[in-house]
Amino acid sequence: MKFIAIIPARYASSRFPGKPLAELGGKAVIQRVYEQVVSVLNEAYVATDDERIYNKVREFGGQAVMTRADHQSGTDRIEEAVTKIGTTADVIINVQGDEPFIQRSQIETLCRLFDDPQTQIGTLGKRFDSIEAAENPNSPKIVTDVHGFALYFSRSVIPFIRGKEREDWLQQYPFLKHLGIYAYRREVLAAITKLPQSPLEKAESLEQLRWLQNGYRIRVGETDVETVGIDTPEDLQRAEAFLAETHLL
């Protein structure tokens, strides 16, 4: 089975403009992400709508493709990118351009999900360390069936543990945090980008609910690796400290 990684990267960000070009440990964030990915997969492209990012990727020896600026989601940008590239890959992996600490084990876990022919879309989850973290609506939760396929994603704490004090909930059920890395079979990616927004997606503001509500099967792999995504300048400072402490890169 052939895999290709597409890394969507926009310059315009309301919370952190120019984030992909910000320096982390002496390298641009987008370079950190790219180098992590190509250490595992043979083929990767940065998909961007900004020439500054495109030129930076080419400057450090990476592959990049220019895409339109009007995409509503990273998934739509990825579909345009793979169409332009003309890839023959069976599975497209979507690695966010603000995840410089993504690890080999996470990418490999995601790839192995497609050993099962029933897997149409793959993603990752990590067990929460505290109920306080699980209560954060910015950290979507996942519940799965006994085969590891997603039943639902929510910003609310799910499931509800009846008859137990909230501080004891983590001892009763392995609450799973959703990590925003995806993989799609090529034909599935083409199909889901043609779907209109669904009522559940609009309610929770979670794109993956559009796919679930339209009957697509999302397989969830579990990881014990915590990464540091970069959404704000403060996150970049935390990432610098994380890099100094762990020497992961």
Side-chain angles (χ1 to χ4, degrees), residues 15-16 33 36 73-75 93-113 116 119 121-183 200-213 216-232 234-249:
R15 289 191 288 178
F16 194 174
V33 179
Q36 290 293 96
S73 71
T75 311
I93 296 180
N94 171 359
V95 178
Q96 298 300 317
D98 57 6
E99 287 283 354
F101 298 101
I102 186 165
Q103 294 298 293
R104 169 179 288 273
S105 63
Q106 294 176 305
I107 297 172
E108 290 175 342
T109 295
L110 197 61
C111 291
R112 285 196 299 269
L113 298 177
D116 183 347
T119 301
I121 301 168
T123 194
L124 295 180
K126 180 186 181 294
R127 295 190 184 195
F128 281 100
D129 297 324
S130 69
I131 192 62
E132 291 76 19
E135 289 173 335
N136 182 351
N138 294 317
S139 294
K141 274 60 70 174
I142 319 169
V143 288
T144 65
D145 67 15
V146 295
H147 303 293
F149 287 95
L151 291 170
Y152 195 65
F153 297 79
S154 182
R155 296 186 183 278
S156 296
V157 180
I158 52 172
F160 178 87
I161 308 297
R162 186 178 180 185
K164 297 291 181 181
E165 296 295 329
R166 209 165 181 83
E167 58 267 24
D168 297 328
W169 280 17
L170 253 61
Q171 283 70 55
Q172 305 298 319
Y173 187 86
F175 287 85
L176 207 57
K177 174 183 179 179
H178 181 227
L179 305 183
I181 175 174
Y182 296 103
L200 286 175
E201 175 191 8
K202 290 178 181 178
E204 297 246 24
S205 191
L206 294 174
E207 183 186 17
Q208 62 270 34
L209 291 176
R210 182 192 316 185
W211 314 332
L212 274 187
Q213 202 166 5
Y216 287 93
R217 304 200 73 191
I218 305 175
R219 187 72 173 269
V220 181
E222 194 167 328
T223 178
D224 60 0
V225 178
E226 185 67 78
T227 59
V228 180
I230 299 173
D231 290 320
T232 66
E234 292 74 26
D235 289 338
L236 183 64
Q237 293 177 359
R238 283 192 286 272
E240 287 279 8
F242 185 72
L243 178 61
E245 292 170 7
T246 60
H247 305 290
L248 274 177
L249 303 183

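Just so it is clear, the model here is predicted, and its values are computed rather than measured.
Closest approach of P140 to L206, counting heavy atoms only: CG-CD2, 3.7 Å. Nearest heavy-atom pair across F149 and R217 is CD1-NH2, 3.3 Å. Scanning all heavy atoms of the two residues, the minimum distance from I158 to K141 falls at CG1-CB, 4.0 Å. Of all heavy-atom pairs spanning A134 and V157, the tightest one is O-CG2, 3.5 Å. Nearest heavy-atom pair, I142 versus G125, reported as atom, atom and distance to 0.1 Å: CD1-CA, 4.1 Å. Summarising the geometry of Q208 relative to Y182, their closest heavy-atom pair is OE1-OH, 3.1 Å, with the distance given to 0.1 Å.
With sequence neighbours excluded, no residue satisfies side chain to side chain contact (heavy atoms under 4.5 Å, CB included) with A203. Not counting sequence neighbours, the partners of E108 by the salt bridge (Lys or Arg N to Asp or Glu O under 4.0 Å) test are R104. The ring-ring contact (aromatic ring centres under 6.0 Å, His included) check on F153 picks up H178, with sequence neighbours excluded. For K177, the side chain to side chain contact (heavy atoms under 4.5 Å, CB included) partners two or more places apart in sequence, or in a different chain, are F128, S139, L179, E226. Scored by the side chain to side chain contact (heavy atoms under 4.5 Å, CB included) test, L113 finds L110, T119, R219 as partners (sequence neighbours excluded). E207 pairs by the side chain to side chain donor-acceptor pair (under 3.5 Å) definition with S73, T75, not counting sequence neighbours. Take D98 and apply the side chain to side chain donor-acceptor pair (under 3.5 Å) test, not counting sequence neighbours, and it matches K19. For T144, there are no side chain to side chain donor-acceptor pair (under 3.5 Å) partners at least two apart in sequence or on another chain. Remark: E99 engages no residue in a salt bridge (Lys or Arg N to Asp or Glu O under 4.0 Å) (not counting sequence neighbours). Listed by chain and residue number, I131, F175 satisfy the side chain to side chain contact (heavy atoms under 4.5 Å, CB included) test with L170 (two or more places apart in sequence, or in another chain). The salt bridge (Lys or Arg N to Asp or Glu O under 4.0 Å) search around R112 returns none, not counting sequence neighbours.
If you take CD1 on I218 and CG on L212, they are separated by 4.0 Å, rounding to the nearest 0.5 Å. Note: I102 CD1 to I181 CD1 = 3.0 Å, rounded to the nearest 0.5 Å. With values rounded to the nearest 0.5 angstrom, L124 atom CG is found 10.0 Å from E222 atom CD.
With no hydrogens or angles considered, no side-chain donor-acceptor pair links D235 and Q237 at under 3.5 Å. A donor and an acceptor atom, one from each side chain of E234 and T232, are located under 3.5 Å apart.
Counting heavy atoms from C-beta outward, I93 and C111 have side chains that approach closer than 4.5 Å. Looking at heavy atoms from C-beta onward, Y152 lies in side-chain contact with L200 at the 4.5 angstrom threshold.
Contacts classified as salt bridge (charged side-chain N to carboxylate O under 4.0 Å, His left out) and involving residues 154-176 (residues at least two apart or in different chains) are given here: E135-R166.
With E204 contributing its side chain and L209 its backbone, the two residues share no donor-acceptor pair below 3.5 Å.
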